[in-house]
Number of protein chains: 2
Amino acid sequence: MSSLQLGDRPNTYPTRVVATRRLGTETSETRAGLLDATEQLMLDSGYAAVSSRRVAAVAGVRPALVHYYFRTMDDLFLATFRRRAEEAFAHQQRALRSTQPLWALWEVSRDPRGSVLTMEFAALANHRPAIRAEISAAAERVRMQQVEVLTEVLAGHGVTVDDCPPVVAAVLIAGISVLLALEQGSLGMSTGHGETIAHVEGYLRRLEGERRVER
Amino acid sequence: MSSLQLGDRPNTYPTRVVATRRLGTETSETRAGLLDATEQLMLDSGYAAVSSRRVAAVAGVRPALVHYYFRTMDDLFLATFRRRAEEAFAHQQRALRSTQPLWALWEVSRDPRGSVLTMEFAALANHRPAIRAEISAAAERVRMQQVEVLTEVLAGHGVTVDDCPPVVAAVLIAGISVLLALEQGSLGMSTGHGETIAHVEGYLRRLEGERRVER
DNA sequence: GTCTATACTTCGATAGAC
DNA sequence: GTCTATCGAAGTATAGAC
């Protein structure tokens, strides 16, 4: 094995950024394909595997096109994140408005693709300041939306703030989801996962009853 | 900004691995310094920022020395992981044998350095098969040790398996720790963190009483 | 809109002097 | 044990032809 070539260079590349550069439109099919390729690479091999050459290869175009649509790699990452974040937010909103919001939130959170991308973007944010603020804001937005709904739903089931504050429920669900995805996806490990899922679902069942198929 | 140069190359480097290469001893001070540098880079900038040149720079030596002590970068990552994993395991063992094992386990798990490194190594494992098995085994070992002790401790406090199976408690503590570290460390976000910590510690207090300083 | 060609930087890894 | 020097590959980004 071997490899890995960086992650956080003091950018000394010939980035003159002439400001006169051309840029593709946001509605382009090709552009969307590049976002797809980026997402796929992040899922399969992690953010560090995303390079203009590889994205281009996966998308079936030449590397220079990547820079035609995205001035820098940071721009590419940001665009990929934005598209995904919007989808995820809308998806969660639908879940929270369903007839079994707790079950639905649990299922949405447990989607491993979402958890893996969340971790990858968080890792990316760790050393790319330009991306950090945006990811942070989106995560905050998602949690606040959960808290808003959970406050009402939990109260409706007689769960008091002393039992479990809504924001704590939100953190718990997120924490469990991330850990399971990390262990199963990255490490192929699953000790305790079944038991944990059963335990959570037992709790959901006591509150919202049996899960009714509407997935 | 810019940068990032890979993570998972189809190794086409001139890795002839002649097998006649020299290799430094495991007890070397310099070697330990290289492991320190690797760990620091991972904490500060993520695993993708670890390159032989950068490790050498942080350690204050020349890049070729990295390859004198570690044949490949994978070897360097593995050695860094092993050292850390042994420390962490011993640390946890001491905690679990203390007079307030639940409190101690919670505090050990909450060390953000540990959580961040855990995530970085998991991300690394995601696309470095050579490393994956070892990390997975270590994580499993840590969890099993927790379960062993938790089984006795929880039963002693009258917590039945129906209330909360020991392995579920272990997963919950790990999940919360990882999420808090990820959000606070990588994203600078802390919504709900204080409430969650208070909630967990309220639970610990009911089981083991007030935390007695022995940290 | 897409491509070829190219500039420049960094990477992993090795050979061989000291 | 540590260094200099070097190879070959891959990275970001740009210019300019088509």
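All heavy atoms count here, side chains included; hydrogens, waters and symmetry mates do not.
- Using a 4.0 Å heavy-atom distance criterion, B:V61 is classed as a sugar-phosphate-only contact.
- Side chains of A:R132 and A:H127 form no contact here, defined as non-hydrogen atoms less than 4.5 Å apart.
- Set against D:dG11, D:dG1, C:dT2, the side chain of B:Y68 has D:dG1 as its closest nucleotide.
- Summarising the geometry, the separation between CZ on B:R54 and P on C:dA13 is reported as 17 Å, rounded to the nearest angstrom.
- Computed from coordinates, the B:F70 CZ to D:dT2 C1' distance equals 15 Å when rounded to whole Å.
- Closest to the side chain of B:R53, from the set D:dG1, D:dT6, D:dC3, is D:dT6.
- In this structure, the OH atom of A:Y47 is 15 Å from the C1' atom of D:dG11, given to the nearest Å.
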**OP:** Go through the steps for A:L35 and A:F70 under the test side chain to side chain contact (heavy atoms under 4.5 Å, CB included), then give the verdict.
**Re:** CA-CA 10 Å; A:L35 297 183; A:F70 307 97; 3.7 Å; yes

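- Atom CG in B:L76 sits roughly 14 Å away from atom P in C:dC11 (whole-Å rounding).
- By the side-chain hydrogen bond (donor to acceptor under 3.5 Å, both in side chains) test, A:Q40 is found to be paired with A:D44, residues two or more places apart in sequence or in another chain being considered.
- Counting non-hydrogen atoms of other residues, nucleotides and ligands closer than 6.0 Å to CD of A:E152 gives a total of 12 or fewer.
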Set out, line by line, the N/O atom pairs under 3.5 Å between protein and nucleotides 16-18 of chain C.
from: C:dA17; atom 1: N6; to: B:R22; atom 2: NH2; distance (Å): 3.4

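- Residue B:S52 places no side-chain N or O under 4.0 Å from the OP1 or OP2 atom of C:dC11.
- Salt bridge annotation for A:E201-A:R211: absent, with no cationic side-chain nitrogen under 4.0 angstrom from a carboxylate oxygen.
- Counting non-hydrogen atoms of other residues, nucleotides and ligands closer than 6.0 Å to CD of B:E148 gives a total of 12 or fewer.
- Taking atom CG on B:D75 and atom C1' on C:dA13, their separation rounds to 12 Å, with Å as the unit.
- In this structure, B:R62 places its CZ atom 10 Å from C1' of D:dT2, rounding to the nearest Å.
- Within the 4.0 Å cut-off from OP1 or OP2 of C:dG12, not a single side-chain nitrogen or oxygen of B:T72 is found.
- Using a 4.0 Å cut-off, no side-chain N or O of A:S51 falls inside it from OP1 or OP2 of D:dA10.
- OP1 or OP2 of C:dA13 sits under 4.0 Å from a side-chain N or O of B:H67.
- Counting any heavy atom pair closer than 4.0 Å across all strands shown, B:S28 reaches no nucleic acid atom.
- Distance, A:F77 CZ to D:dG11 P: 12 Å, rounded to whole Å.
- At a threshold of 4.0 angstrom between heavy atoms, the contacts of B:Y69 are confined to the sugar-phosphate backbone, with no base atom among them.
- Under the 6.0 Å distance and 45° angle rule, B:R141 counts as a cation-pi partner of B:F89.
- In this structure, the nucleotide among C:dA13, D:dT12, D:dG1 sitting nearest to the side chain of B:M73 is C:dA13.
- Comment: B:E26 does not engage B:R83 in a salt bridge, judged by the lack of any side-chain N to carboxylate O separation of less than 4.0 angstrom.
- What separates CZ of A:R31 from C1' of C:dT2 is a distance of 17 Å, to the nearest Å.
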